[in-house]
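Remarks on the structure that follows.
Because only heavy atoms are used, hydrogens play no part in the values below, and waters and symmetry mates are left out as well, while side chains stay in.
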Amino acid sequence: MYRSNGNFEAYATPLRPEGVDGKKAYFVGSGLAGLAGATFLIRDAGMSGDQITIYEELALPGGSMDGIFDEHKGFIVRGGREMEAHFETLWDLFRSVPSLENEGQSVLDDMYHIHKTNPSTNPNRATEHQGQRIPAQKDLTLTPQAVKELIGLALTREVDLQDKKIDEVFGEEFFQSHFWLYWATMFAFEPWASAMEMRRYILRFVHHISTLADLTSLRLTQYNQYESLILPLVENLKNHGVTFVYNAEVNNILVDVTNGTKVATRIELTRDGTPETVELTENDLVFVTNGSITESSTYGDNDTPAPIETDNGSSWKLWKKLAAQDPAFGKPEKFCENIPDANWTISATVTLTDDKIAPYIEKLTGRDPRDGKIVSGGPISFADSSWLYGFSMSRQPHFKAQDPQKELVVWLYGLFSDKPGDYVKKTIRECTGAELCAEFLYHLGVPVDEIDDLAHNSASTVPCNMPYITSYFMPRALGDRPDVVPEGSKNLAFLGNFAETPVDTVFTTEYSVRTAMEAVYELLNVDRGVPEVFASSFDVRVLLSALYYLNDRKKLSELKLPFLERQIGKAALHKVKDTYLEEILQAANLV
């Protein structure tokens with residue numbers, strides 16, 4: 001497996017690798033990574049779909065990318081993944097997946113056309129004092145010290161950030177900035193999270209520093225991501241003969257680790273309550289999505305909090321059994337144990353059932369929620385919320401089954417689960433659906449004497465508790481995540497955001513698809529390059545633009561640098577006058 005850039009290989013169809021005939025492939029987990037891996041096996045490795053089996057412990061596919069209508073509870077989304085133009089492997093995948101909406105188009109075509117018609121923008125990124133825009137909303141408000149710390153982290157080697165937390169590399173000035181408010185609420189970072197992962201995010205998304213306040217970088221689906229992305233993948237795989245086995249819990253995978261190699265020899269599972277085994281040879285490939293951020297999810301309703309589930313769940317148990325067989329299979333306990341209380345665990349889906357709440361959303365966003373266009377364009381955060389509460393409202397209808405003239409769907413989440421709310425004096429975990437809605441209405445600016453009535457009678461809210469939702473970000477060291485294809489592995493690979501691929505960032509659809517492509521290409525020696533991670537941190541134009549926005553759109557001459565640096569800066573500016581370098585600085589608005 002090798003990585004490439006440019007479009008020479010992007011449009012190439014690789015030759016069918018030797019030895020594909022006679023091979024079988026088994027996937028543990030039908031989330032995006034597993035579905036992508038099966039698609040790449042068929043598209044790029046030439047494997048017949050009828051030789052591929054996907055095991056899923058739930059009764060439906062999709063993993064953490066969900067969106068369902070429950071006849072008892074209503075519409076439910078646990079969350080949504082933010083996407084951008086430089087998700088190189090994601091778009092490589094969906095260019096070849098047929099659309100379910102428009103005959104003759106791909107899923108990528110669907111997203112491209114809707115983005116061109118209705119691009120994402122966020123009209124009011126953060127508010128305070130019950131619906132008032134925060135001051136200087138377009139500014140990142142980083143002090144010179146905070147900028148220095150940010151640049152310092154970017155320049156630090158990963159090996160020097162092992163097991164370090166974000167709050168160990170930044171001071172209080174940084175956490176008081178709009179940059180941190182926008183960054184944390186967009187990506188779900190907590191102060192205790194991995195400084196190593198924070199560094200990767202800075203380097204990976206440096207080209208989006210200029211858009212943190214308006215989120216124009218986002219690419220959003222027409223409907224929820226289950227209907228817009230997962231269902232087309234599943235339908236395409238079924239059309240190729242792939243077998244889906246639901247209600248199948250994989251309990252263990254036995255691996256022979258003798259003689260310096262690693263060969264999966266048996267899959268042990270429970271299917272519909274009945275134990276089964278699948279005997280494997282080196283010719284049979286096994287792809288495991290290890291760990292899950294939505295394992296042990298529970299749901300409440302308008303009158304009941306979501307129960308707190310303490311069991312690790314089958315995906316974590318399987319990873320622990322694998323890790324016990326070889327150190328190269330990672331350390332799952334680093335991610336699923338000792339998660340701090342001050343973290344995000346609760347999201348909620350609010351269905352507005354009449355016209356009484358929508359005007360407050362329209363007042364905050366300046367947009368009509370029923371016109372079929374983007375409403376919030378990503379998260380709108382309540383900066384003074386003790387939960388660091390926020391909401392996102394996508395295009396309506398968000399579900400195909402939804403009538404937007406009668407129902408509107410809003411998604412809520414709060415990053416701090418250990419503090420009482422500002423209106424509801426409970427922690428977010430203790431709240432019923434109606435109480436979660438009431439806290440939302442309070443920060444939205446609804447008059448206090450109307451809040452409880454509207455929360456109970458004008459909306460139906462489904463809380464969801466996800467005990468592992470922030471486990472991707474747990475502080476980690478090198479080797480805590482297994483390589484996509486561990487050294488010496490002949491037929492076993494790991495997929496998803498708990499597998500290790502260099503440079504890219506977890507909690508993204510891109511990471512899931514990238515690991516799937518790397519696994520397939522490595523195990524089957526597919527002669528086509530995996531697109532490299534977008535190298536924005538090596539682009540001087542991007543870096544200069546980031547410098548401009550990190551300092552709230554100041555020219556170089558305005559920056560408060562130490563005396564010596566300031567004099568050197570003036571001399572340098574004189575030297576570049578009337579040169580190409582001056583043009584670059586002008587393009588970045590620095591001179």
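Classification of Lys373 and Asp371 as a salt-bridged pair fails, no side-chain N sitting under 4.0 Å from a carboxylate O.
For the side chain to side chain contact (heavy atoms under 4.5 Å, CB included) test with Met196, the passing option among Arg157, Gln162, Lys165 is Gln162; the others fail.
The shortest side-chain heavy-atom distance between Gln137 and Asn124 falls under the 4.5 Å cut-off. Side-chain atoms of Gln176 and Trp180, non-hydrogen and from C-beta on, never get closer than 4.5 Å to each other. For the pair Cys336/Ser471, no side-chain contact is recorded, criterion being any heavy-atom separation below 4.5 Å from C-beta on. Within the 4.5 Å cutoff, no side-chain heavy atoms of Trp183 are placed close to those of Ser177. Counting heavy atoms from C-beta outward, Pro482 and Asn290 have side chains that approach closer than 4.5 Å. Considering only heavy atoms from C-beta on, Thr461 stays 4.5 Å or farther from Thr432 through its side chain. Residues Val410 and Val375 fail the side-chain proximity criterion, which asks for heavy atoms closer than 4.5 Å. Between Leu364 and Phe391 the shortest side-chain heavy-atom distance falls below 4.5 Å.
Listed by chain and number, the residues in a ring pair (Phe, Tyr, Trp, His ring centres under 6.0 Å) with Tyr423 are Tyr442 (sequence neighbours excluded). The salt bridge (Lys or Arg N to Asp or Glu O under 4.0 Å) search around Glu518 returns Arg3, not counting sequence neighbours. The side chain to side chain donor-acceptor pair (under 3.5 Å) check on Glu158 picks up Arg200, with sequence neighbours excluded. Scored by the side chain to side chain donor-acceptor pair (under 3.5 Å) test, Ser120 finds no partners at all (sequence neighbours excluded). With sequence neighbours left out, the ring pair (Phe, Tyr, Trp, His ring centres under 6.0 Å) criterion links Tyr468 to Trp316. By the side chain to side chain donor-acceptor pair (under 3.5 Å) test, Thr427 is found to be paired with Glu430, residues two or more places apart in sequence or in another chain being considered. Applying the side chain to side chain contact (heavy atoms under 4.5 Å, CB included) criterion to Glu362, with sequence neighbours excluded, gives Asp368, Pro369. By the side chain to side chain contact (heavy atoms under 4.5 Å, CB included) test, Gln222 is found to be paired with Ile114, Ser228, Arg395, residues two or more places apart in sequence or in another chain being considered. Remark: Glu190 engages no residue in a side chain to side chain donor-acceptor pair (under 3.5 Å) (not counting sequence neighbours). Taking Asp449 as the reference, nothing meets the salt bridge (Lys or Arg N to Asp or Glu O under 4.0 Å) condition, with sequence neighbours excluded.
The environment of NZ in Lys164 is sparse: at most 12 heavy-atom neighbours from other residues, nucleotides or ligands sit within 6.0 Å. Counting heavy atoms of neighbouring residues, nucleotides and ligands inside a 6.0 Å radius, atom NZ of Lys334 exceeds 12 of them. When the shell of 6.0 Å around NZ of Lys425 is examined, it contains more than 12 heavy atoms from other residues, nucleotides or ligands. Atom CG of Asn338 has 12 or fewer neighbouring heavy atoms from other residues, nucleotides or ligands inside a 6.0 Å radius. For Phe175, the CZ atom sits in a packed shell: over 12 heavy atoms of surrounding residues, nucleotides or ligands are nearer than 6.0 Å.
Between Phe205 and Phe187, the ring planes lie parallel to each other; the angle is under 30°, not in the 30° to 60° tilted range. Taking the six-membered ring where the residue is Trp, Trp411 and Trp344 present perpendicular rings, their angle passing 60° and hence far from 30°.
Sequence neighbours left out, the pairs with a member in residues 131-143 that pass salt bridge (Lys or Arg N to Asp or Glu O under 4.0 Å) are Asp139-Arg553. The stretch residues 203-217 participates, sequence neighbours left out, in these salt bridge (Lys or Arg N to Asp or Glu O under 4.0 Å) pairs: Glu84-Arg204, Arg204-Asp504.
Put simply, OG1 on Thr294 and CG on Asp66 are 7.0 Å apart, with the number rounded to the nearest 0.5 Å. If you take OG1 on Thr509 and CD on Gln225, they are separated by 7.0 Å, rounding to the nearest 0.5 Å.
Checking Thr508 against Arg514 by side-chain atom types alone, no donor-acceptor pair falls below 3.5 Å. For the residue pair Arg199 / Thr156, no side-chain donor-acceptor distance below 3.5 Å is found, with atom types taken as modelled. Under the 3.5 Å distance criterion, with hydrogens and angles disregarded, no donor-acceptor pair is assigned to the side chains of Glu197 and Thr505. Judged by distance alone, the side chains of Ser512 and Asn497 do bring a donor and an acceptor atom under 3.5 Å apart. A donor-acceptor contact closer than 3.5 angstrom links the side chains of Glu295 and Ser315.
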Report task. Evaluate side chain to side chain contact (heavy atoms under 4.5 Å, CB included) for Phe507 paired with Ile293, printing each intermediate quantity in order. Result -> CA-CA 9 Å; Phe507 221 154; Ile293 57 171; 3.8 Å; yes
### Task
May I have the step-by-step check of side chain to side chain contact (heavy atoms under 4.5 Å, CB included) for Arg125 and Tyr182, ending in yes or no?
CA-CA 8 Å; Arg125 181 64 183 84; Tyr182 298 159; 3.5 Å; yes
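Taking the centre of each ring, Phe498 and Tyr472 come in below the 6.0 Å mark.
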